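Okay, structure first, notes after.
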Amino acid sequence: MRSAQRFEGPSDLHMHSNHSDGTQSPAEVVRQAHLHGIRTLALTDHDRTTGWDEAASAAGEYGMTFFPGMELSAKHQWRSVHVLGYLFDPVDPALTAETDRIRGDRIGRAERIVRNIGRDYDLNWEDVVAQTMQDATVGRPHIADALVARGIVRDRAEAFDGILHPREGYYEPHYAPDPLTAVRLITRAGGVAIIAHPVTAGRDRMMPVSFIEQLIAEGLGGFEIDHRENTEDGKRLLRSIAAEHDLIVTGSSDYHGAGKPNVPGENSTSDEMVARIIDRATGSRPRYP
Ligand code: AMP
Ligand code: FE
Ligand code: FE
Ligand code: ZN
């Protein structure tokens, strides 16, 4: 396998920068990955690919391999479903139309959440804008940062456990495609679609297995199994489904800078699985050092 010989592990294929809800620039994310011994990393900002070039050139300086990626927002019934896409064509018209739509809708949604919160707390939209890099994919994490800056909560975790939790009544949904559409868009753009953290506890618990089998029929590449938010029972179930269908399995940190406790490289993806992603994709190539 030609491709498999040109990158080195350990590989962390799920990291966020301030182009979405990470707190650091793409170059700083790469530097942090380097400091933690990562040799191949993917930048997977939510619904956005604008961080790729900066991350790729930083990776080059450290002799690391950069893996183009994105975490596409999707929704199955009430569940938020995140679909990681790797090595797709970043200018694919259907995919970029969809990410434009999601990001556009996220802005109005965030404004609605802030308006709801503003009825009970001293928070306004300017507070959120101040926490959000221009054109970043805006989400609840930026509202959390604004709540922290206002001294209303201590950190993002407290905001998500409290004010930002749907049970508190301030929450608003945003537009997101069905997971079947998300998998199809990534696959048709030449990418490999991997369901991110598919078995977290609680409200967003796993999609039904029958629906996952529909995703597999639609071209799903595999599952992100080694992720701190997946349950142990869930990981076992996913491993058996992956083995049955010969799917790719990955592991990653889901690093968000200071926004989450997740550390680069706390989980990683095997060389064999990285090679399978490279061999399967046709939309773009990793940037080797
Ligand atoms: P949104 O897509 O705007 O609904 O926000 C969801 C995002 O919030 C996810 O991408 C997570 O990275 C982030 N998030 C969820 N829970 C937490 C938490 N407890 N602490 C920090 N970030 C979180
Ligand atoms: Fe996030
Ligand atoms: Fe996610
Ligand atoms: Zn993520």
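In listed order, ligands and their atoms are each counted from 1. Just so you know, residue 1 is the first one in the sequence shown, and it goes up from there. Keep in mind that what you see is a predicted model, and the values were worked out from it rather than measured.
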Qualifying residues under side chain to side chain contact (heavy atoms under 4.5 Å, CB included), relative to Pro90, sequence neighbours excluded: Thr49, Trp52
Exercise: do Tyr171 and Asn116 side chains pair donor with acceptor under 3.5 Å: no
Proximal protein heteroatoms (N, O or S) of the Fe ion (ligand 3), under 2.8 Å: Glu71 OE2, His82 ND1, His197 NE2
Within 45° cone of Tyr175 ring axis and under 6.0 Å: Arg101 NZ or CZ: yes
Within 45° cone and under 6.0 Å: Arg6 NZ/CZ vs Tyr288 ring: yes
Mutual orientation of the aromatic rings belonging to His14 and His227 [parallel < 30°, tilted 30-60°, perpendicular > 60°]: tilted
Which atom of Ile38 lies closest to which atom of Met64, heavy atoms considered: O-CE, 3.2 Å
Asp21 atom (N/O/S) at minimal separation from the Fe ion (ligand 2): OD2
Aromatic centroids of His82 and His46 separated by under 6.0 Å: yes
Interatomic spacing from NE2 in His19 to OG1 in Thr137 - rounded to 0.5 Å: 10.0 Å
Whether Tyr62 side chain and Arg39 backbone form a donor-acceptor pair below 3.5 Å: no
His16 near the Fe ion (ligand 2) via N/O/S, less than 2.8 Å: no
Salt bridge (charged side-chain N to carboxylate O under 4.0 Å, His left out): pairs with one or both residues in residues 174-192, sequence neighbours excluded: Arg184-Glu218
Distance filter under 2.8 Å, centred on the Zn ion (ligand 4) - protein N, O or S atoms that pass it: His14 NE2, His16 NE2, Glu71 OE1, Asp254 OD1
